[in-house]
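All ligand and atom numbering here is 1-based and tracks the order in the structure. Every value quoted in this text rests on a predicted model; they were computed, and no experiment measured them.
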Amino acid sequence: MAFELPNLPYDKDKLAPAMSAETLEYHHGKHHKKYVDTLNQLIEGTQFADQSLEDIIRNTAKSGEHRKLFNQAAQHWNHTFFWNSMTPGGGGKPDGDLARKIDDAFGDFESFKTAFKNEAVAHFGSGWAWLVQDGGTLKVVSTHDADNPLPQNMTPVITCDVWEHAYYIDYRNDRPGFVDAFLDNLVNWRFAAQQIT
Ligand code: MN3
């Protein structure tokens with residue numbers, strides 16, 4: 001069964017000025033769409049055609065032979081998760097159980113923000129910064145290129161795309177400024193709380 005590009009969970013002008021409609025037009029409408037189209041071409045007529053996206057990712061993660069397929073499948077998953085990790089008027093501090101878990105793991109919310117920003121900014125080249133749940137504890141990790149935390153049995157909570165195409169239109173080379181905007185104005189903590197098990 002072919003995969004489909006999901007609609008954005010908000011109108012593409014609703015994250016501005018933190019993320020412009022032009023960025024979303026390219027990032028969702030062109031980059032993400034290309035991953036989905038290539039994924040569908042690669043699975044057609046293969047053993048992967050009937051597998052869920054998560055199964056394709058787990059089944060190809062350690063395979064050199066299927067690296068191209070893994071990259072498309074993981075990028076489709078990562079981008080869908082990224083769109084859901086943001087919301088108009090988002091960012092700032094979460095509350096409830098998630099806030100307590102962040103305090104337990106990082107000491108306080110400001111320390112979490114520093115850890116997430118450092119991981120996102122220091123990641124060399126293309127990749128993703130994640131808040132994950134790993135064995136009941138929240139952690140900040142980054143993954144390279146298309147890699148995601150699923151094959152390591154970690155549960156993604158939020159992610160920020162730190163490929164240049166995610167911020168170059170709005171921030172040029174200012175990745176730290178983009179990550180600040182993500183944390184202060186975009187994070188969807190309600191979605192994040194739903195990922196906690
Ligand atoms: Mn991207």
Requested in this report: Apply side-chain contact (heavy atoms from CB on, under 4.5 Å) to Asp55 and Phe48, showing your working.
Outcome: CA-CA 9 Å; Asp55 281 346; Phe48 300 107; over 6 Å; no

Requested in this report: Provide the closest heavy-atom pair for Val121 versus Pro176 in the form atom of the first, atom of the second, distance.
Outcome: CG2-CA, 3.8 Å

Query raised in the report: Considering only heavy atoms from C-beta outward, does the side chain of Met19 approach that of Phe178 to under 4.5 Å?
Result: yes

Requested in this report: Kindly confirm whether the Mn ion (ligand 1) is within less than 2.8 Å of some N/O/S atom in His32?
Outcome: no

**Report entry** the Mn ion (ligand 1) to nearest N/O/S of His31 below 2.8 Å
**Finding:** no

Query - Student check: side-chain heavy atoms of Trp77 and Ile57 closer than 4.5 Å - result: yes

Query - Minimum-distance N/O/S atom that His165 presents toward the Mn ion (ligand 1) - result: NE2

Report summary line: For Asp161, the N, O or S atom at the shortest distance from the Mn ion (ligand 1) is OD2

